[in-house]
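When reading the values below, keep in mind they use all heavy atoms of this one structure, side chains included, and skip hydrogens, waters and symmetry mates.
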Amino acid sequence: GADDRTILAVGTEASDHVDASTSQPFSFLLHLCPTPNSNTTAIEGDKVALYAWRNAHLTNAFATNNHTIVHLHEDVWNRSPEIVQSRLRSKCG
């Protein structure tokens with residue numbers, strides 16, 4: 001659905017900063033993902049597989065252009081926001 005397509009450019013407050021390694025004004029892309037549903041039927045299992053394939057496809061597509069994408073699931077954020085914030089800040093340099 002549309003709610004699993006939110007992608008944010010993250011990494012700098014200065015709008016004129018450009019990462020020399022990627023020629024992009026950000027350090028990485030953040031893909032905000034809904035919590036995967038573990039209670040799936042066989043049909044829903046196909047949807048989960050498709051969702052995983054789309055995330056892998058996004059990762060590979062952005063890597064081709066020297067971009068890093070981080071897939072952040074809602075349940076991970078809700079469970080450990082301090083750890084997630086620390087890791088994201090670390091990626092910003």
Side-chain angles (χ1 to χ4, degrees):
D3 60 343
D4 65 358
R5 297 186 188 155
T6 303
I7 299 176
L8 306 170
V10 179
T12 183
E13 293 180 18
S15 61
D16 59 347
H17 170 78
V18 175
D19 183 329
S21 64
T22 64
S23 298
Q24 296 297 324
F26 52 84
S27 298
F28 64 97
L29 297 162
L30 181 61
H31 178 208
L32 305 175
C33 307
T35 299
N37 184 355
S38 61
N39 301 322
T40 59
T41 64
I43 293 171
E44 289 172 337
D46 290 340
K47 291 179 185 177
V48 171
L50 177 61
Y51 180 77
W53 178 87
R54 277 191 307 184
N55 282 354
H57 180 71
L58 276 173
T59 300
N60 294 337
F62 283 113
T64 300
N65 294 313
N66 295 319
H67 296 111
T68 299
I69 187 165
V70 173
H71 303 280
L72 175 57
H73 290 268
E74 180 181 25
D75 63 322
V76 174
W77 173 262
N78 289 336
R79 186 176 55 245
S80 306
E82 297 83 11
I83 293 171
V84 173
Q85 288 173 28
S86 175
R87 291 182 180 175
L88 293 175
R89 278 192 298 271
S90 176
K91 289 195 71 58
C92 290

In this structure, would I83 and L88 fall into the same cluster of hydrophobic residues linked by side-chain contacts under 4.5 Å?
no
Using the ring centroid of each side chain, check whether H57 and W53 are separated by less than 6.0 Å.
yes
Indicate the atoms forming the closest heavy-atom contact of C92 with S27, along with that distance.
O-OG, 3.8 Å
Going through the checks in order, is the side-chain hydrogen bond (donor to acceptor under 3.5 Å, both in side chains) test met by T59 and H71?
CA-CA 9 Å; T59 300; H71 303 280; 2.7 Å; yes
Test item: H73 side-chain N/O and P34 main-chain N/O as donor-acceptor pair under 3.5 Å:
yes
Atom pair CG/SG of N55 and C33 - distance to nearest 0.5 Å
5.0 Å
Using modelled atom types and a 3.5 Å cut-off, is there a donor and acceptor pairing between side-chain atoms of S90 and backbone atoms of S86?
no
Among all residues two or more places apart in sequence or in another chain, which pass the salt bridge (charged side-chain N to carboxylate O under 4.0 Å, His left out) test with R79?
D75
Honestly curious: do F28 and V76 fall in one hydrophobic cluster under the side-chain, below-4.5 Å linking rule?
yes
Side-chain heavy atoms of F62 within contact of I69, under 4.5 Å
yes
For the atom pair CG (N65) and CG (N60), what is the distance rounded to the nearest 0.5 Å?
11.5 Å
Taking side chain as C-beta onward, heavy atoms only, is L32 less than 4.5 Å from I7?
no
Under 4.5 Å between any side-chain heavy atoms of H31 and T6, yes or no?
no
Measure across L29 and A9 and return the closest heavy-atom pair with its distance rounded to 0.1 Å.
CD2-CA, 3.8 Å
Within a strict 4.5 Å, meaning less than it, do heavy atoms of the K91 and V70 side chains meet?
yes
